[in-house]
Amino acid sequence: MRLVPACKNLQIFKFLPSVQAHCSFFSAVTNTLQVPVDGFENENKKIDFDLLFPSCTTVHLAKCLHSLLVVSGRVKNIFLSAKLVNLYAYLDDVSFSRRTFDQIPKKDIYTWNSMVSAYVRSGRFQQAIECFYHFLLTSDLRPDFYTFPPVLKACGNLVDGKKIHCWVQKLGFESDVFVAASLIHMYSRFGLLVIARKLFNEMPIRDTGSWNAMISGFCQNGNAAEALDVMNEMRLDGVKMDPVTVSSLLTVCAQSNDMLSGMLIHLYVIKHGLEFDVFVCNALINMYAKFCIVDHARKVFDQMKIRDVVSWNSIIAAYEQNDEPITAFEFYKKMQQNGIQSDSLTLLSLASIIAQLTDDQKSRSVHGFILRRGWLMQDVATGNAVVDMYAKLGSIDSARTVFEGLPVKDVISWNTLITGYAQNGLASEAVEVYDMMKERTDIIPNQGTWVSVLPAYSHLGALQQGMRIHGRVMKNCLYMDVFVGTCLIDMYGKCGRLDDAMLLFYKVPRKSSVPWNAIISCHGIHGHGDKALELFKNMLVEEVKPDHVTFVSLLSACSHSGLVGEGQRYFDAMQKEYGIKPSLKHYGCMVDLFGRAGHLEMAYNFIKNMPVQPDASIWGALLGACRIHGNVELCKFASDSLFEVETENVGYYVLLSNIYANFGKWEGVDKVRSLARDKGLRKTPGWSSIEANNKVDVFYTGNQSHPNCEEIYTELRFLTAKMKSLGYIPDYSFVLQDVEEDEKEHILTSHSERLAIAFGIISTPPKTPIRIFKNLRVCGDCHNATKYISKITEREIIVRDANRFHHFKDGICSCGDYW
DNA sequence: GTAGGGTTAG
């Protein structure tokens, strides 16, 4: 080939590959277009370059064509060079468009238009606008009809385009259908729908594109009703909907949960033969996925003749978001088998699938894949998905590391990390991250932030901080958001303010089960079983459909209040009247309900008749009941069964060792403890916290390092003496160490809950309520002592432990010693 | 020779 040496000196050939590449290009184009290679060698006279452009389907081929133009000198032809600008843009290589553009010495309007639209097509809106202004400043040419649509599109993504609109008016292009559609679309993107509608109404001639611009304007603002109105006007006008109309409308139907309209449009699609358009099918898949009708989504997907990456992403996301991670993963594998390259959205779904499948090993591969593609650095959404994946898998440290490495962190990155800590039981870390976001960034918290940080405050019992958020939320009316509202209800309920929780409950929208579940559960943990049942009945009156969570809240409320008969009835009703299949959580509540009430045999028989395999939580509930009611035989059986299915949860070892200690079987205690030690399990240390003077203080058992330590122990000595004079006898069965009597009394008085109460007494005004939180269950002797303390100090003492609330007042506890 | 209106996201 003589061509190659001739090309060597030319700048453009830096990009050109080997001799073989030239050969393959030549054979490709000459075969297709029947251009003899001789023709090129005879001064190119026989080659029609215009015909070569459509053959260039890759950047590589485009570069080869470019080289041909350079070598043959035809690059000087202004038409052909401008076509190259467009070609590179279509092949998604805008930097080559620009290089080619720069090499054109005398640019005409077509050249400029091509460059601007090349930028727009590749999403570089800022550069498109800059190029347009550069054109206005440096060229004598006037913009034409073709100039404005891309420029207006760029404006819709960046700045107010009113200035550009003035230009359009000055030049008299407003009546052009293409320009008008662009204006309508641009104003819609700014939410200026009135202006958009006015322009639309004033159009003398409307084509389908004009209608589509108006409809998509409403759709992109989530204005479903108006979009459907325009659709009806359009049809009355006798204009047929095309695939563009339909795909916009399907999306807005999905967003607004309008299943009826969505299905009617689907019928239209079938009747008018639009079901082979890829955009339409993709929109249908997404719509059915949002409606949770995955089968319909699947049917649409199956009958598609051509599928693109969006089709695959949509069907994968459909299964992923409807809790079918296994099927979703199968589709991902099929996508690969079909040779479709994943994009960042594929990986977004994949990360969530892996989290749902709890597949630690695959999580590393997903992370690696994303890292290699550079998406972690370019695309914050992908980064957030990785953080979320690790957090959901419990690898919160990996989540943190990925988070730290993100070059740009948006509000969702922060929310994801906060939620990650909160859901892994690390509430104070969650709060720390929230504080860090507040102090070190300008990021404005949103609904998601409140939903992530409020549960952390609930967990810590940080009422003051929670209330501060309530204040902020009030300002922008976000408390009307059902999720934020529910988190606040939960926070007040879990911080002991049941009245405030109720007040709020009546303010938030309660059409869905979400706030009902929260308020029922709050009454349950406060031991107000009757009120929980009443709320459930109100829920039915207001025609809110209970879900599986409602019944968990309801059954556990029955269990806390000893409402055995009611619990049984609702367990039955749940299956028969509401068609909800009980999950292990429901079975656990029932075992707890029977066990706590002392019906150990019933609890055991219930487990035997369960249609599913009992897990550790079920045996744990039975073991807990055995502890309260002291059944040694069943205890042995329950613990054996428990450790067959679960050996990692330290709580169960502690429970069993406590039972042995209760019976004074110290060998048993030692055995269980060494068993746990061998497994490398360490007991969760018990702590209690109290929020006083805008600050949360945390006490561990036997704490000596608190600044008010001396005063606290003095107060406790004083209280113990007073309690004894009123008839208090320490119950040493709650001392879980084999030590002397003196030592036992000291151990009881230095339990974390007592330190916190004593601190509350000395640091808050007399007779004000004291609110305490304990991470484990409150000790029985402390429970008894707190009754006396409430009488002596004339204070209401509210203790929330891992299980429920205890309200102490005038020497009695709201739980009636039943917990 | 060029242009508008469309599908997937935490």
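We use all heavy atoms of the structure for the numbers below, so side chains are in, but hydrogens, waters and symmetry mates are not.
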Between atom CD in A/Glu174 and atom P in B/dG4, what is the gap in whole Å?
-> 19 Å

Rounded to whole Å, the CZ-C1' distance (A/Phe279 to B/dT7) equals 6 Å

Testing B/dT8, B/dG6, B/dA3 for proximity to the side chain of A/Tyr146, the answer is B/dA3

When we call it a touch if two heavy atoms are under 4.0 Å apart, what does A/Phe148 touch: a base, just sugar-phosphate, or nothing?
-> nothing

Looking at every strand, decide which applies to A/Asn286 at a 4.0 Å heavy-atom threshold: base, sugar-phosphate, or nothing.
-> sugar-phosphate

Short side-chain donor-acceptor distance under 3.5 Å, A/Asn415 and A/Asn446 = yes

Taking salt bridge (Lys or Arg N to Asp or Glu O under 4.0 Å) as the test, write out the residues that go with A/Arg197, two or more places apart.
-> A/Glu233

Phosphate-side-chain proximity, A/Gln220 and B/dG5, N/O vs OP1/OP2 below 4.0 Å | no

Under the salt bridge (Lys or Arg N to Asp or Glu O under 4.0 Å) test, which residues partner A/Asp302, sequence neighbours left out?
-> A/Arg298

Using a 4.0 Å heavy-atom cut-off across all strands, classify A/Asn446 as base, sugar-phosphate, or nothing.
-> nothing

Shortest side-chain distance from A/Asp277, nucleotide among B/dG5, B/dT8, B/dG6 = B/dG6

Pick base, sugar-phosphate or nothing for A/Thr245, based on heavy-atom distances below 4.0 Å to the nucleic acid.
-> nothing

With distance as the sole criterion, is a donor-acceptor pair present between the side chains of A/Thr416 and A/Asp388 under 3.5 Å?
-> no

Rounded to the nearest Å, what distance is computed from the CG atom of residue A/Asp379 to the P atom of nucleotide B/dG10?
-> 12 Å

Scan A/Val177 against the nucleic acid and name what it touches under 4.0 Å (heavy atoms): base, sugar-phosphate only, or nothing.
-> base

Just call it for A/Ser182: base, sugar-phosphate, or nothing, with non-hydrogen atoms closer than 4.0 Å on any strand.
-> sugar-phosphate

Residues passing the salt bridge (Lys or Arg N to Asp or Glu O under 4.0 Å) test with A/Lys409, sequence neighbours excluded, are none

Counting any heavy atom closer than 4.0 Å, what does A/Ser210 reach on the DNA or RNA strands: base, sugar-phosphate only, or nothing?
-> base

Base, sugar-phosphate, or nothing for A/Gln321, non-hydrogen atoms under 4.0 angstrom?
-> sugar-phosphate

For A/Ser114, report the nucleic acid contact type (base, sugar-phosphate, nothing); a contact means any heavy atom under 4.0 Å.
-> nothing

Separation of B/dG10 atom P from A/Leu376 atom CG, nearest Å, is 18 Å

Are A/Trp414 and A/Tyr434 an aromatic pair by the rule of ring centers under 6.0 Å?
-> no

Does A/Ser216 have a side-chain nitrogen or oxygen under 4.0 Å from the phosphate oxygens OP1 or OP2 of B/dG6?
-> yes

With no angle test and no hydrogens, is the base of B/dG4 tied to the side chain of A/Asp207 by a donor-acceptor pair under 3.5 Å?
-> yes

Which part of the nucleic acid does A/Asn415 contact within heavy-atom distance under 4.0 Å: base, sugar-phosphate only, or nothing?
-> nothing

A/Phe329 six-ring centre to A/Lys362 NZ/CZ under 6.0 Å and within 45° of normal | yes

Can a donor-acceptor pair be found between the side chains of A/Ser398 and A/Arg364 at a distance below 3.5 Å?
-> yes

Using a cut-off of 4.0 Å on non-hydrogen atoms, how would the nucleic acid contact of A/Lys290 be classed: base, sugar-phosphate, or nothing?
-> sugar-phosphate

A/Asp144 has a side chain; which of B/dG4, B/dT2, B/dT7 sits nearest to it?
-> B/dT2

For A/Glu275 and B/dT7, give me the distance from atom CD to atom P, rounded to whole Å.
-> 20 Å

Test for a donor-acceptor pair under 3.5 Å between the base of B/dG4 and the side chain of A/Asp176, counting only N and O atoms.
-> no

Could you check how far NZ of A/Lys83 sits from P of B/dA3, rounded to whole Å?
-> 12 Å

Ordered by number, residues from residues 339-353 of chain A within less than 4.0 Å of DNA chain B (heavy atoms) are A/Leu345, A/Leu348

So what does A/Ala381 touch, heavy atoms closer than 4.0 Å: a base, only the sugar-phosphate, or nothing?
-> base

Identify which nucleotide among B/dG10, B/dA3, B/dG6 has an atom closest to any side-chain atom of A/Asp388, counting heavy atoms from C-beta outward.
-> B/dG10

Give a yes or no on whether a donor-acceptor pair under 3.5 Å exists between the nucleobase atoms of B/dG4, that is its base, and the side chain of A/Asn212.
-> no

Nearest-Å distance for atom pair NZ/P, residues A/Lys240 and B/dG6 = 22 Å

Please work out if A/Arg121 contacts a base, only the sugar-phosphate, or nothing of the nucleic acid, heavy-atom cut-off 4.0 Å.
-> sugar-phosphate

By ring-ring contact (aromatic ring centres under 6.0 Å, His included) - contacts of A/Phe483 (at least two apart) = none

Would one find a side-chain N or O of A/His185 under 4.0 angstrom from OP1 or OP2 of B/dG4?
-> no

Atom-to-atom span, CZ of A/Arg206 to P of B/dG4 - whole angstrom | 21 Å

Can you give me every donor-acceptor pair (side chain of residues 264-272 of chain A, partner residue at least two apart or in another chain, under 3.5 Å) with its distance?
from     : atom 1 : to       : atom 2 : distance (Å)
A/His266 : ND1    : A/Tyr288 : OH     : 2.7
A/Tyr268 : OH     : A/Met241 : N      : 3.0
A/His272 : ND1    : A/Tyr268 : O      : 3.0

Have a look at A/Phe173 and say if it touches a base, only the backbone sugar-phosphate, or nothing, with a 4.0 Å heavy-atom cut-off.
-> nothing

For the side chain of A/Ile412, starting at C-beta, report the closest nucleotide among B/dT8, B/dG10, B/dA3.
-> B/dG10

